[in-house]
Structures are given as structure tokens and as C-alpha cells.
Amino acid sequence: MNFTFSEDQLLFQDSVRDFLVNEVTPEKIRASWEKDDGRDPLLWQQIVEMGLPGITVPEEFGGLGMSELDFVLLAQECGYVALPEPLVHNALVAVPMLKELGGELAAQWLPKIAAGEAKVAVGLEQNILVEDAHTAELLLIQKGDDIFALTPQQVTLRHNESIDPSRKLYAVEFEDSVPPLASGAQAAALINTALNRGALACAAQALGLAQRMIDMTVLYTTDRHQFGKPIGSFQAVKHHMANIAVRLEYAKAPVHRAAYAIANGQASASRNVSHAKIVACEAAKLAAKNTIQAHGAMGYTWEVDLHIFMKKAWALANTWGDEGFHKTRVSDYILAEDAILGAGSTF
Amino acid sequence: MKVLVTVKRVVDYNVKVRAKADGSDVDLNNVKMAINPFCEIAVEEAVRLKEAGTATEVVVVSVGAKQCQEQIRTALALGADRGIHVETEGAVEPLVVAKLLKGVVEKEEPRLVILGKQSIDGDNNQTGQMLGALTNMPQGTFASEVAIDGDKVNVTREVDAGMQTISLNLPAIVTSDLRLNEPRYASLPNIMKAKKKPLDVFSPADLGVEVTSHITQLSVAPPAERQAGIIVESVEQLVDKLKNEAKVIS
């Protein structure tokens, strides 16, 4: 069995990394915080020219028809630069949900998403607040056991501050008279898969965020000298960094496993995703904690770019199911009477 | 008008290069490789000529080991129409590359050849000029602007005294400078399409060129590390040190 990514998948990752690292700099992210909507139309235009919004859109609707497994490495790269634009959730949550809904709604919106002309926000009750609802031309919102498709004209948005200034969060309200798009078992299945995909998106970005915090801190601790040596040469600092690197390395396989499970519709997808979300966010939170310390705590300050990444890591850890939610899903599986445990079965 | 454009595989410009422990060469193990930035500018210019309707076909050529095909594929993803790989073993010096390119020029008969002005690994800045001499084609080096005008190409060159604009009869050779354009990123759909574009492979023998080396690399060493500075206490002490230690004034 071949567990490695294909040459094409790695080539895409390289290309997207080159683009994002050059174009999504901390300076540009800080500039976006000064804008009312927090978004950069020029950057979105470049993302569209790269063909990124259409990656998971089926070919018949103008996309590349690629899977969650193809996108997971790109989501990592989006995390690496703390991309503020809603690319990851559009590609990993909104597009698959529209594909599953099918019909006129998919035919109307998927070509627009592929062309970069429309963004779609998905809001589940698990999250309470909807990210990037203010830039969405279509909102797919869960209310109770139903899912509603709403236009911006049908909703009232109330802005809520996030710890991460790049995240734009909104409470979405709408009239009860709007008929639901899906109900009952169909809605429940859609909600579960959307939750899994949203959690996978967070997990993949957490890997990138952790890597970025390591890279930034390695640079800093190589440059900063104390007692005539770079502080990175001291064991106390090295061990902090090595601990993150180990945690991060062990988190990669579960995230890729989860992407594979979702892409192939495996029954284990929910527990794979929960496992991935737990370990990837743990790695990112450890990276935040240890890299602040390696920066002598000034990493927490507004002036140092590190906080851009750590705050996103903290925010992602508590969305699309917090640690408690995902641990409960894993424990429900492994503590069940009929659980099949062991190599090849548990995860 | 057919445009031939060259690309060289080099260490990515973001990578901090290291010499091998034995000083025999630069260590290329696990190092990210990319298109030479000046070659990327050359590709962009050729593609823009095609998009403007001036060029009808853009052919990208690279000389080197099999891995060069990665850079040819990247150039195809940027908009070139087809690729030519001249497969060689080991390092090839600028004169050999120029001879091999001459062979490709004779096969393809392009009206315009665009090269990067130099590669960021060897920094020789020779291949374009040598190709001009070998093919007897006029050359416009260090180009910051290229404009096709009928049977001529007007090239604005960045020279020490400022900007110089020259007019060359086609077919001609142009080497790109940094400010000629800003290269685009390859889009993911174009990366996929590039895999289906034709890529021909030739050996030096196919082009009637014998690969011989006239240069022997003796050693590679990193630049000397900068020494820590000192704060002098007076202007007199500074002048004394400049005169007697650094010996930069007399």
C-alpha cells in the first residue's frame, strides 16, 4: 500500500506555498485588520487566478474535481500563512455540502464558486457564530434539525469580536417564514459531514500554524544571542522546540488519514476526524505556548508577528467542535461494547 | 512568430546554500530547486508576447539532467506551448550550453530567443552572448523592455549610464534583466494542463555537439563570516586603525 502523497499533490502544495508565502505576509494581514470587512479583494483575485476556489468543485461545473485528500496539503499551507480569506472552508465545507445537496442550488452556485464570483458560508449550531458571513453571497445555516439556504437579503448579521483579528464572526438571524432546504435524516447527514469537514479544515490549518510558529522561533532563537551564544543552542530552548516538532510530526498522519476517510466515504470518518482535530490542535497549542516562551514572552505582544499565528491556533481549537466534543466522540467509539480495537481498526 | 525561451534549473533563491564538507561543490541534497529567476522573467515575456498576439508559439528549452523536466513543466504551466529537454550528465559550462542551444535554434528556427541574463548559481552572464556569437544573431542584453516592431525588435537595456534603447533585426537574441516584468504564478488548472503538453528530449549527439569541459572547479567555500565590530573612542583612533590595521587610507 502506498501511503505517500502523489507527485501531483506535492507539486500543487509547492506551488500554493510559493504563492501564499509571497503574497500573504504578516504586513498584509495587519493591513487587512484596518479594513472594515477585514478582507483584501486583490488577494482574493489572485487566489481566483490561481484556480484555488474551484479545486473541489466538480469538473462539470468548471472546477478541478479534486478531493478532500487533494486539498488537505493546501489547507496546511493556508494555515502556514494564517490566510484570512475564507478559502479553506469554502473548498472543504461549502462546496461538498452543495455537491451533496445537488439539484438547482448546486448548478447555480458551484460554477460561481469555481469562477471566484461567489463565496458560501456554512453555519452549524456547533459553532454558534458564522465565519465570513459578511462576504458570503449564499449562507447555508443549520437551525435545529433543518438546513436553510439564505441570501444576504434574508439575514441580519451581528458582528462579534474574535480573539483572532483576522476572523470575522457573525450571529446570523432570519425570519421563521423561510422554508428549510433540507430536514430530517437528510439534514442530519449533511450536518454531520459538514462538521467533519470543518473540523478537518481546522486540523489541517493547525498543522501549518504549528510549523510556522516553529520556523519563526527557530529564526529568532538563532539570531538572538545571550551569554555569547544563540539562545537556540541552550538545551532549555531546544527541548521546547523539539517537543513541538515531535507532537506535530505525530499529528500529520491522523490529519491525512482523516482526509482520506472523508474523501473515500469511509464509516470511520467521524472518529478519524475527531482524532485528527484533537492531536493537530494540541500540537498547535503547544507550539503557541512554547514559542511565546522562547520569545521571552514578547511573542504575545501586538508588535511581534507570532501572535497572528497563535491566536488563529487558539481560535481554531474551539471551532467545529472543541476538544471535549471530539474526545467524547473518540471515547464513545473505543469504550463501546462492540468496539473493534487494535491496529488497523481503532484509527 | 516563434519564440524560443530558455530555462535553467537552479537552487531556489530562498534557499541558503551550503558548501559540501569536503569543499568540492555546493550541497544539493534535499535542496529545493526552481527555475532561475531571470529565466522565469524570460518565460513571462515570451508568454506576454503570445498573449498580445505577437508570438504564435512559445517553445521552452532546458539543458541538464533529467530533473530539468520539472522546470520545463513549470514553464509550460506558465504558458509556454511545448518543451525541449537537452539531456546532459554532470555540470555543463556556458559555452557547451550555448553550442547546444545553437543546435536547438537551427532545428526550431525561432524569430526571437529570450534567455535570462544570468543564472543565480554560476552568475556567469555568458550564455546569451555566446549564443549570439555562435548563431551570428544580433543580441540585446540586460533588457528591461522588449517591443516587436515589424522585422525588428526594440530592446531597452539597463546599462551603467542609464537606459539604452537599441533596434535589432529579427531573428535576434534578448537576455532579460530583473525589471523586464513581474512573472505570474502558475495556476493549478494550468499545472494540470502542462502535463499534457509535448516535451521532446534530445541528446547532445542529436544536436551534433560534443560535451567537453574547459573548466575545472577547484573548490567551493562559504563567504568568510563577518567579524564583530568595535566601538572606537575617538576620531584619531578610527583614523589610526583605518591607516595601520585596515590599510585602506594612507
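Below, read A as the first sequence line, B as the second, and so on, with proteins coming before strands; counting in each chain starts at 1.
- The neighbour count for Lys196(B) NZ, taken as heavy atoms of other residues, nucleotides or ligands under 6.0 Å away, does not exceed 12.
- Atom OH of Tyr250(A) is surrounded by 12 or fewer heavy atoms from other residues, nucleotides or ligands within 6.0 Å.
- For Glu233(B), the CD atom is loosely surrounded, since the number of other residues' heavy atoms within 6.0 Å does not exceed 12.
- Residue Arg18(B) places its CZ atom among 12 or fewer non-hydrogen atoms of other residues, nucleotides or ligands, all under 6.0 Å distant.
- Side-chain contact between Tyr185(B) and Glu23(A) is present, with heavy atoms from C-beta onward closer than 4.5 Å.
- Taking OG of Ser187(B) as the start and CG of Leu64(A) as the end, the distance is 8.5 Å to the nearest 0.5 Å.
- Using a 4.5 Å cut-off between heavy atoms, Leu74(A) contacts chain B through its side chain alone, with no backbone atom that close.
- Scanning residues 9-22 of chain A against chain B with a 4.5 Å heavy-atom cutoff picks out Leu11(A), Phe12(A), Ser15(A), Val16(A), Asp18(A), Phe19(A), Asn22(A), ordered by number.
- Interatomic distance, CE of Met66(A) versus CE of Met192(B), reported as 5.5 Å (0.5 Å rounding).
- For the atom pair Ile191(B) CD1 and Met50(A) CE, the distance stands at 6.0 Å (nearest 0.5 Å).
- A 6.0 Å sphere centred on CD of Glu7(A) holds no more than 12 heavy atoms belonging to other residues, nucleotides or ligands.
- More than 12 heavy atoms of other residues, nucleotides or ligands sit less than 6.0 Å from atom NZ of Lys32(B).
- In terms of heavy-atom pairs under 4.5 Å with chain A, the best-connected choice from Ala77(B), Ala34(B), Ala186(B), Pro189(B) is Pro189(B).
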Verify side-chain contact (heavy atoms from CB on, under 4.5 Å) between Asp8(A) and Lys195(B), making sure each step is shown before the conclusion.
-> CA-CA 10 Å; Asp8(A) 286 347; Lys195(B) 291 194 301 184; 2.3 Å; yes

